[in-house]
Amino acid sequence: NERSEYPLNRVLLARALVEVDDEERACEALNEAFAAPSEGRWALTRERWSRDAEQLAAQISCEVSTTPAVAAIPAVPGTP
């Protein structure tokens, strides 16, 4: 479901998981949020949710990679 994969939804899920003491799954949700592509429709809100997500990650001692996924670059015809 595309809506559940929306990065902000992952951050909200992580916050809820912290509330029920499931920090391991919260950390996974935060990493999923940061793995979202940095371009296109999801990039528009990245600045808004990323600060909150970074603070939550620090609160639960979760190491997150804040480097967004890069969209695949289509191959140029005729090249290996």
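No experiment lies behind these values; they were computed from the predicted model shown.
At least one side-chain heavy atom of Cys62 sits under 4.5 Å from a side-chain heavy atom of Asn31. Residues Gln59 and Val18 meet the side-chain proximity criterion, which asks for heavy atoms closer than 4.5 Å.
Residues passing the side-chain hydrogen bond (donor to acceptor under 3.5 Å, both in side chains) test with Arg15, sequence neighbours excluded: Asp52. Listed by chain and number, the residues in a salt bridge (Lys or Arg N to Asp or Glu O under 4.0 Å) with Arg25 are Asp22 (sequence neighbours excluded).
Between Ala33 and Arg10, the closest heavy-atom pair is CB-CB, 3.7 Å. The two atoms that bring Phe34 and Arg46 nearest to each other are O-NH2, 3.1 Å, heavy atoms only.
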*Could you give me the CA-CA distance, side-chain angles and deciding distance for Leu56 and Leu30, then say whether side-chain contact (heavy atoms from CB on, under 4.5 Å) is met?*
CA-CA 9 Å; Leu56 183 58; Leu30 290 171; 4.2 Å; yes

- Message: For Trp49 and Tyr6: C-alpha separation, side-chain torsions, deciding distance, then whether ring-ring contact (aromatic ring centres under 6.0 Å, His included) applies.
- Response: CA-CA 11 Å; Trp49 60 259; Tyr6 186 66; 8.3 Å; no

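Linking Ile, Leu, Val, Met, Phe, Trp and Tyr whenever their side-chain heavy atoms come within less than 4.5 Å leaves Val64 and Leu13 in two separate clusters.
Atom CD1 of residue Ile60 and atom CD of residue Gln55 lie 13.0 Å apart, to the nearest 0.5 angstrom.
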